[in-house]
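Sharing a structure with you now.
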Amino acid sequence: MSGIFSGGAWAKVWLYRDTFIKGFLNTILVSAAAVLLSLAIGIILGLMATSGKKLFKGISRVYVEIIQNTPLLLQICFLYYAMAFSGHSMGIIPAGMISVGIYHGAYMAEVVRAGISSIPKGQAEAAAASGFGYLGKMFYIILPQSIKIILPPMVNQVVNVIKNTSCLYIIGGADLISLTYSFVTGANTGGAYAPAYLISGLLFFIICFPLSKVAGIWEARLKLRDRR
Amino acid sequence: MIKLEQVNKYYGELHVLKDVNLEVKEGEKLVIIGPSGSGKSTTVRCMNFLEEPTSGNVYINGEKLTNRNKTKLIRDNLSMVFQQFNLYPHMSVLKNLTLAPMKLQHKTKKEAEKLAYHYLEVVGLSDKAHVYPTTLSGGQQQRIAIARALCAQSRIILFDEPTSALDPETIQEVLDVMIKLAKENITMVVVTHEMGFARQVADRIVFMADGQIIEEGTPEHFFENPENERVKQFLGKIIR
Ligand SMILES: Nc1ncnc2c1ncn2[C@@H]1O[C@H](COP(=O)(O)OP(=O)(O)OP(=O)(O)O)[C@@H](O)[C@H]1O
Ligand SMILES: [Mg+2]
């Protein structure tokens, strides 16, 4: 039907540009909420994992293992349909925010854990031997040193969150990928596959690429600094 | 000042401290010596609960040290100098010195800095206030670590092999600072292999082997007529 070079297909995409804008905004909205949730989960579980308390470590470990070793698609379906069938139906967008947030929370937790563990034990001991409690030790001594190690992989996780909003498709989501798909398969709008997916891809790229670049440059700088 | 009462420490199956009883008096300079793995570090680290004894009690100033009161008791009474210095690399020397006084003792920045400059002078590094620790030599870092301990103005300072990670040529500059400190009324507990230092400043020396204190006494006693065969062997090897 209509290839990349069909002017008609591009015109159709332009005519329905609101669909893409709406999908794009929904993707941003879901991503933003999911990032906040995953950060909260990641920081709490990451701190628990490095607390030295067996119970906390255990809880954090179990969460991370379960979430990392089951597909995000399954988690989304579980949350959305299980809730719907138990009579607590939630909207697609909230379901997306929560499930993507929970999923990436596990990865954020690992990033935080790794960052904190990379600080030599002597630092925590020096803090404790000066009479700092847990909060003071973390706030003044451990976190300021680990933040540089944590931030680059954290930004990479943000990129993954944005891309993974596409999983909302499975519950009939309103994100960019889902709306693009409805557009190309719609009775009135269908057919403009190539332009539609190119535009959709481009929209993802213009957000994700700068973020990845920032993370990459950051990481390179860190390595350089460590070599000195 | 510090009292260990029937202290036992296990790491899993490994019995590292066996019924250790030890009392350190106010102002006393106690030196702990002994072979590697005998439990010297563990003993000192039990005094500020960096290691929690498996059984037995630790008293600071007559108060029993617990997980609940440890931050307060440490804050008010104890500082520590480590083998690996453990300065905070993300802070300038001055910040390293003022952090605890400002955040824990609620001194103003001005008071804390005055104190910091005073102790920088004591350790002979007044010109290093604004550099970062990693730019300093090992000996200088350790002197800064001592200044940091002094800034807390604790009455007790624990030293765990403060010169063992240093190049031979910088050991003496650190020992000189410690000898200077020993003239003050600070209680010092020092784990060291520096026998010259022990002889010069110790009021009392304890010798540990296999998690037990097997001999204790004055430096004269130790270096002139130790009783225990293992002590004789050890000193023979070290002094030659
Ligand atoms: N965190 C730990 N886990 C398991 N074993 C430990 C731990 N810390 C120390 N040990 C063991 O406890 C014993 C006593 O250790 P400690 O560090 O107190 O000895 P030390 O007298 O200070 O020796 P050194 O002169 O080598 O510093 C050693 O056998 C050591 O291997
Ligand atoms: Mg030791």
Side-chain angles (χ1 to χ4, degrees), chain A residues 43 46-58 111-155 218-228, chain B residues 41 44-52 60 65 67-91 95-106 132-135 141 144-145 148-154 156-160 165 189:
Chain A
I43 290 169
L47 290 175
M48 283 168 73
T50 51
S51 66
K53 298 254 187 303
K54 268 201 185 122
L55 178 68
F56 287 171
K57 269 168 105 168
V111 167
V112 173
R113 185 189 61 75
I116 291 175
S117 324
S118 69
I119 306 304
K121 225 174 126 224
Q123 292 292 307
E125 290 185 349
S130 304
F132 281 103
Y134 179 78
L135 289 179
K137 173 182 83 180
M138 279 297 165
F139 189 76
Y140 296 117
I141 290 142
I142 305 299
L143 291 179
Q145 294 184 61
S146 39
I147 196 81
K148 300 171 211 139
I149 299 157
I150 288 175
L151 276 177
M154 215 171 227
V155 176
W218 223 334
E219 218 158 2
R221 283 224 184 123
L222 266 174
K223 287 208 180 100
L224 209 70
R225 195 205 57 173
D226 286 350
R227 234 181 288 140
R228 261 189 270 142
Chain B
S41 295
V44 171
R45 290 161 62 87
C46 280
M47 293 177 180
N48 62 359
F49 262 37
L50 283 184
E51 303 292 346
E52 199 183 332
I60 303 296
L65 190 58
N67 265 322
R68 269 172 161 272
N69 68 12
K70 69 175 174 188
T71 44
K72 182 171 187 324
L73 272 184
I74 289 167
R75 207 176 279 183
D76 296 345
N77 296 289
L78 286 151
S79 294
M80 185 162 186
V81 174
F82 299 85
Q83 185 173 349
Q84 299 296 341
F85 332 132
N86 296 344
L87 293 171
Y88 309 132
H90 59 302
M91 296 176 187
K95 282 265 164 59
N96 264 276
L97 268 56
T98 55
L99 184 72
M102 283 172 68
K103 302 304 173 191
L104 298 178
Q105 299 169 356
H106 307 293
Y132 280 79
T134 45
T135 63
Q141 289 193 47
I144 297 295
R148 180 173 69 179
L150 289 169
C151 279
Q153 300 191 296
S154 321
I156 307 168
I157 305 184
L158 309 174
F159 297 81
D160 189 4
V189 178

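When reading the values below, keep in mind they use all heavy atoms of this one structure, side chains included, and skip hydrogens, waters and symmetry mates. To find a chain, count down the sequence lines: A is the first, B the second, and so on, and within it residues start at 1. Everything numeric in this text was worked out from a predicted model, so none of it was measured.
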Portion of B:Leu158 that has a non-hydrogen atom of chain A nearer than 4.5 angstrom =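 Neither part.
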Within-4.5 Å side-chain heavy-atom neighbours: A:Leu47 and A:Ile116 =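 A:Leu47 reaches A:Ile116 side chain to side chain.
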Taking atom types as modelled and ignoring hydrogens, do the side chains of B:Glu52 and B:Asn67 form a donor-acceptor contact shorter than 3.5 angstrom?
->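 Yes.
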Quick one: does B:Met80's side chain get under 4.5 Å of B:Ile74's, heavy atoms only?
->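 B:Met80 does not reach B:Ile74 side chain to side chain.
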Does some side-chain heavy atom of A:Phe132 sit less than 4.5 Å from a side-chain heavy atom of A:Ile142?
->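 Heavy-atom side-chain distance check fails, nothing below 4.5 Å.
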Do B:Ser79 and B:Leu150 touch side chain to side chain, with heavy atoms closer than 4.5 Å?
->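 Of all side-chain heavy-atom pairs linking B:Leu150 with B:Ser79, none is under 4.5 Å.
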Structural part of A:Ala124 lying under 4.5 Å from a heavy atom of chain B |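 Contact with chain B: none, neither part.
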B:Leu65 and B:Met47: which non-hydrogen atoms are nearest, and at how many Å?
->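 Shortest heavy-atom contact: CD2-O, 3.5 Å.
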What part of B:Tyr88 lies closer than 4.5 angstrom to a heavy atom of chain A: side chain, backbone, both or neither?
->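 Answer is both: backbone and side chain atoms of B:Tyr88 are under 4.5 Å from chain A.
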Evaluate the side-chain proximity of A:Thr50 to A:Val112: yes if any heavy-atom separation is below 4.5 Å, no if none is.
->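 No, side chains not in contact.
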Anything in residues 97-104 of chain B with a heavy-atom distance to chain A below 4.5 Å? Please list those residues in order.
->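 Result: B:Leu99, B:Ala100, B:Lys103, B:Leu104.
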